[in-house]
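Sequence lines set the chain letters: A, B, ... in the order given, protein chains first and strands last, and positions in each chain run from 1. Side chains included, hydrogens not; waters and symmetry mates left out as well; all remaining heavy atoms used.
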Amino acid sequence: MIDVRLLRDDFDATATALARRGVDRARLEELRELDERRRSLVAAVDEARADQGAASRAIGQASPDRRGAMIQAAQELKDRVATLESERDEVVAAHTAAFAAVPNLPHADAPDGVEGDGVVLRTFGEAPTFEDGVRDHVELLEAADALDLARGAKVSGSRFAYLKGEGALLEFALVRYAIEIAMAHGHVPVIPPVLVREEAMYGTGFLPTDEQQLFATRDDGFYLVGTSEVPLAGLHMDELLEADDLPLRYAGYSPCFRREAGAHGKDTRGILRVHQFEKVELFSFVAAEHSAAEHERLLAIEEEVFTGLGIHARIVDIPVGDLGASAARKYDIEAWLPGQQAYREVTSCSNTTDYQARRLRTRVRVGDGDNVLVHTLNGTALAVQRAMIALVEQHQRPDGSVVVPEALQPHLGREVLFAG
RNA sequence: GGAGGGUUGGCCGAGCGGACGAAGGCAACGGUCUUGAAAACCGUCGGGCGCCUCGCGCGUCCCGUGGGUUCGAAUCCCACACCCUCCGCCA
């Protein structure tokens, strides 16, 4: 959620900034009018209540024989309060709903454009070359019985898979490897709940805008998280932190569940796009003035993770038209996938400024009882399935085995995978 | 799944229809005293929203959450959430 005051005090600049990401100016004008009506009704209710309160208190002080008439007068004041309140509640509800759907203000440096218009900031690692043809991850993993897609489909449907044998071991190794790097940078490892209440989804900005991407449980009203960003952001919901507490840095490991609605026919092969995957997610709570630096810091950790795996990739500054509702700016790492001859997203790192914090009511006490919103950021340390694809495809050898990068060897306990 | 008991400010804890935003204590902060510290004493000490003469101002709302009763609710009623204890089941 953005600051309501922006629409009152700085309408033009706000509308111009939001227009970059496709928010209609007329809609914002309506919202501003709604806000004005809301405030005048709040003031009217306050005033009516003050009258009624004064009348009630006077009854308490009055002698019993005078009370009858006073009670009657107070009753009328009560009715007026009730009328104004219902009017106010209606406007507040409309305002809240409309306002929650407004996305975050884009960062001034985020590039213009829509999906595909990202700006490549830099590349790292070296693209492997293959003389005798390339296998993709499905061929490599299935040949080694490390992946079973057919049985995943049998049991759960399309976009589900089994990781087995060395595939399963590879996950454990990748996770441990990523967690250790995150810890070295001060992130506390966390295994969060993956079923969350509506409130947490709303607070992180996935509701109301991304409802069609979420799985939900039928009888208990839970949502399955699409990323541990949700429970990590929720950690300090409704909390007033002390300045000394910041920065708070976490690394969550969890399965992630996504319906992938609207992606029919897209990436149907293998485990690039699945309904369930695992991920190590970085999350930071920082003071507002440090969020830009923290964003670069998280990106650097991501880069360290992939550099250590010897993976060639590029870093893309995501255009405003392709940002999630809560992000002001986002960097993706796209790894080179030899099996596709394409760069594909393997991480995503967002600065959500105060957008999530405002919804989650996570604040920090500064100076003289002044409470300000924190800034929150998230970034993928390692998305298991996608990292696995990049790793096996880039480090494959002609016989279908895969060279294990040195940094991963201690966690995997072997130098070569799929050697048969 | 069954039976009970809880939820009050940073923490502990009183209040059980009328000036209660809430006693008291602890913690924290400022001060007095002291060579310094401790102790003692004095003072300050929740948050949201709105208004404005922008003042360390005014109003209003908040005692788990949402409803209800009442002129008036932390206090009475209903529903829900969460926590705890015991029994059952279980990785």
Side-chain angles (χ1 to χ4, degrees), chain A residues 1-9 31-100 191-203 207 216-223 231 234-246 248 254-255 285 354-374:
Chain A
M1 193 163 329
I2 64 167
D3 189 343
V4 239
R5 290 187 192 84
L6 287 172
L7 290 179
R8 313 211 279 255
D9 303 339
L31 198 48
R32 181 175 56 174
E33 281 161 28
L34 207 52
D35 179 48
E36 269 164 36
R37 281 185 59 207
R38 179 182 67 89
R39 279 184 296 151
S40 72
L41 280 168
V42 166
V45 167
D46 281 0
E47 205 178 311
R49 271 206 174 282
D51 291 348
Q52 193 213 6
S56 280
R57 270 170 303 211
I59 292 169
Q61 306 287 66
S63 59
D65 55 305
R66 292 185 49 216
R67 288 190 180 183
M70 292 173 79
I71 286 173
Q72 220 162 35
Q75 218 142 14
E76 282 165 35
L77 292 172
K78 183 193 173 189
D79 292 342
R80 199 168 113 242
V81 170
T83 309
L84 285 167
E85 269 181 342
S86 70
E87 210 176 320
R88 178 201 60 186
D89 291 347
E90 207 174 299
V91 171
V92 166
H95 178 264
T96 304
F99 200 70
I191 296 176
V194 295
L195 294 180
V196 301
R197 303 214 231 172
E198 181 178 356
E199 196 180 1
M201 278 296 172
Y202 177 85
L207 286 176
T217 64
R218 184 178 47 204
D219 294 330
D220 304 287
F222 286 118
Y223 287 94
L235 261 175
H236 299 293
M237 180 162 67
D238 277 316
E239 289 185 23
L240 178 56
L241 304 167
E242 298 301 328
D244 292 350
D245 296 338
L246 298 179
L248 285 165
S254 78
F285 296 85
D354 61 11
Y355 191 86
Q356 289 179 336
R358 183 169 292 109
R359 291 177 167 219
L360 292 163
R361 298 169 300 276
T362 301
R363 293 163 303 146
V364 57
R365 199 195 305 271
V366 296
D368 296 328
D370 229 359
N371 304 316
V372 301
L373 295 163
V374 301

Taking B/A73 as the reference, what is the distance to B/C61 when you measure between their C1' atoms (whole Å, please)?
14 Å
Under a 4.0 Å heavy-atom cutoff, the residues of residues 84-98 of chain A touching RNA chain B are none
Side-chain N,O (A/R57) to OP1/OP2 (B/C71) below 4.0 Å:
no
Using Watson-Crick geometry (N1-N3 plus N6-O4 or O6-N4) or G-U wobble (N1-O2, O6-N3), each under 3.5 Å, B/U7 is paired with B/A81
Atom pair distance, as rounded to whole Å: CG in A/L373 and C1' in B/G47
13 Å
Contact check, residues 72-83 of chain A vs RNA chain B, heavy-atom distance under 4.0 Å, returns A/A74, A/Q75, A/K78
With both distances kept under 3.5 Å, what pairs with B/A28, Watson-Crick or G-U wobble?
B/U44
Pairing check on B/A22: which nucleotide meets the Watson-Crick or G-U wobble criteria with it, both distances under 3.5 Å?
none
Side-chain donor/acceptor of A/S254 to backbone N/O of A/V194, under 3.5 Å
no
By nearest-heavy-atom nucleotide on RNA chain B, the more 5' of A/A43 and A/A58 is A/A58
Interatomic distance at C1', B/G4 relative to B/G88, whole Å
15 Å
Taking atom C1' in both B/U75 and B/C62, compute the distance separating them and give it to the nearest angstrom.
16 Å
